[in-house]
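Only one structure is covered here, and it is reproduced in the block below.
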Amino acid sequence: MNRTAQERSRIAPEVAARYEAVIGLEVHAQLQTQTKAFCACSTRFGDPPNSNTCPVCLGLPGALPVFNRKALELAIRASVALHGEIHERSQFARKNYFYPDLPKGYQISQYDLPLATGGWIDVELKGETKRIGITRLHVEEDAAKNLHEGFADSDRWSYIDFNRCGMPLVEIVSEPDIRTPAQAYEYLYALKQILEYAEVSDCNMENGSLRCDANVSVRLRGAEKFGTKAEVKNLNSFRYLAHALEYEIERQIGALESGGEIAQETRLWNVAAGRTEAMRSKEFAHDYRYFPDPDLLPVSAPQSLVAAVKRAMPELPDAKRARLQQEYGLTPYDAGVLAATRALADYFEASIRAGAAAKSTASWISVEMLRRLNDAGKDITACPVSPDALAELLAKIDAGEITAASGKKVFATMFETGKRAAEIIASGGLLQITDPSAVENVARAIIAKSPENVAKYRSGNEGVFKFFVGQVMRETRGQANPQLVNEVLKRVLGEP
Ligand code: ADP
Ligand code: ZN
Ligand code: MG
């Protein structure tokens with residue numbers, strides 16, 4: 001048995017139950033500016049390698065950085081959205097280390113005087129709200145990107161793309177308030193949503209705009225002291241975060257149970273192997289020799305600027321969900337679904353303004369529309385059905401022009417073709433059948449074809465009634481008024 005398999009040796013649930021995990025997350029989010037943090041190079045993603053570079057972000061001697069005002073504004077926006085205390089005066093510091101992706105030999109970051117301290121995020125789990133504290137938020141620059149190619153020893157290449165070097169980031173450090181992988185997941189989800197709502201970052205995890213490191217330790221339940229923590233890097237999806245934490249918690253409990261100790265170390269999540277692996281221990285921890293960057297003035301965040309950012313702050317997720325419930329009588333669940341993104345909530349409210357009723361709009365969007373968008377791999381902003389086209393369709397269903405069943409078909413066609421409901425209904429002959437004699441003709445034909453089921457019904461088997469309803473609906477392609485079908489069938493089947 002190899003070492004990792006031993007490490008993972010399954011922990012009995014009653015043993016695991018004696019322990020509690022303690023987790024703190026460090027999240028990096030790229031600020032959505034046009035230009036880099038300290039130079040005028042473009043931040044565009046996907047440009048040819050090394051095309052967006054200049055003496056500043058290439059770390060050439062003598063080049064001087066100038067802090068991007070928009071980056072400051074966005075970092076303040078993030079701090080406000082996270083309820084942090086913004087310091088009027090903060091400072092850039094040099095974090096010194098050598099790595100090929102860091103041409104200056106130091107990263108410009110903030111250390112003892114960060115832009116903001118304190119704050120919190122409320123996360124909702126199983127109907128309970130848990131407040132997770134935020135320790136600090138600081139601004140820093142990103143490093144370049146290393147790319148490795150080839151496997152044979154004689155033919156291995158490494159490349160560096162400096163386009164990413166100098167991108168503006170905020171690092172948001174949480175308090176060790178998180179207790180389960182599920183809470184960590186919800187915290188990251190809520191943080192991402194807030195940063196997206198506030199238009200601080202596009203939070204695209206695939207492009208690396210949002211990255212997460214997790215610190216985790218375990219302790220016996222009831223113990224006051226925290227255990228020794230490991231830091232797991234490279235958790236760039238929600239799934240990896242949850243899996244890595246589950247793995248790491250079990251590994252640490254296993255080590256303690258077998259009389260071992262937890263080494264304070266940095267670990268990596270190995271996606272392919274599904275395990276965390278030691279990367280470097282704290283014995284080799286860097287001493288970064290931080291000192292104030294003499295090239296940059298202290299960062300000034302005057303109250304007037306903070307006030308202006310507050311005034312311009314869009315409605316944030318918590319407020320949006322609360323308002324959707326109050327204003328439209330939505331359930332907390334529906335409000336949560338519709339407020340998933342600002343664009344989706346905007347779509348919902350635009351439909352209401354176009355005359356649709358809140359309850360049915362909420363359910364059509366969250367069921368029919370989200371499913372189709374998901375299947376088509378489309379975002380709500382690219383939805384082929386406009387809010388007023390949806391409102392028009394719902395009005396036709398409400399008015400009884402078409403049945404709800406036909407409505408779904410019409411919606412499907414609207415989604416596929418971009419046509420309006422009226423046109424589809426007219427050309428498809430989908431108008432609701434409300435003529436009792438038409439329904440009766442269909443009902444009689446079906447009854448005549450199913451003498452056995454008729455006999456069952458007459459001998460008291462109420463269940464077969466549904467069979468007849470289903471048959472009539474099918475025969476009328478969902479266009480018969482369902483209530484009418486019920487009435488007619490009851491009458492005709494009740495005949496001696
Ligand atoms: P370091 O000095 O090693 O960077 P910090 O005190 O700055 O450690 O904390 C980094 C992150 O680790 C924070 O998110 C914090 O909440 C979390 N953390 C601190 N101590 C523990 C612990 N014992 N177990 C789990 N997480 C912890
Ligand atoms: Zn540059
Ligand atoms: Mg730290």
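Because the structure is predicted, anything quoted here is derived from the model rather than measured. One-based numbering, in listed order, for ligands and for the atoms of each.
- Both the sub-6.0 Å distance and the 45° axial angle are not jointly satisfied by Lys408 relative to the ring of Phe411.
- With Tyr247 as the aromatic partner, Arg275 does not meet the cation-pi criteria of under 6.0 angstrom to the ring centre and within 45 degrees of the ring axis.
- With rounding to the nearest 0.5 angstrom, the CG atom of Leu115 is 13.0 Å from the CD atom of Gln91.
- To the nearest 0.5 Å, atoms CE (Met167) and CZ (Phe38) are separated by 14.0 Å.
- Between Ile23 and ligand 1, no N or O atom pair is found at a separation short of 3.5 Å.
- Within ligand 1, the atoms closer than 4.0 Å to a non-hydrogen atom of Leu25 are 14 (O), numbered from 1 in the order shown.
- Taking CD from Gln30 and OG from Ser201, the interatomic distance works out to 6.5 Å, rounded to the nearest 0.5 Å.
- For Tyr290, the OH atom counts as densely surrounded, since its 6.0 Å shell holds more than 12 non-hydrogen atoms of other residues, nucleotides or ligands.
- Counting only protein N, O or S atoms, 4 lie closer than 2.8 Å to the Zn ion (ligand 2).
- For the pair Gly227 and ligand 1, the shortest N or O to N or O distance falls below 3.5 Å.
- Every atom of ligand 1 is numbered from 1 in the order shown, and the set under 4.0 Å from a heavy atom of Val22 is 24 (N), 25 (C).
- Close approach of ligand 1 to Val173 is summarised as follows: ligand atoms under 4.0 Å from at least one heavy atom of the residue are 13 (C), 14 (O).
- For Tyr328 and Phe348, the distance between ring centers is under 6.0 angstrom.
- Ligand 1 places these atoms under 4.0 Å from at least one heavy atom of Glu175: 16 (O).
- Atoms of ligand 1 found under 4.0 Å from any heavy atom of Phe226, numbered from 1 in the order shown, are 23 (N).
- A donor-acceptor pair shorter than 3.5 Å can be found between the side chains of Asp202 and Ser209.
- Taking only nitrogen or oxygen atoms, main chain and side chain alike, Asn215 reaches within less than 3.5 Å of ligand 1.
- Distance check, rounded to the nearest 0.5 Å: CD of Glu175 to CD1 of Ile121 gives 12.5 Å.
- Nearest to atom 3 (O) of ligand 1 by heavy atom, out of Gln264, Arg136, Lys229, is Lys229.
- Side chains of Asn146 and Ser158: no donor on one and acceptor on the other come within 3.5 Å.
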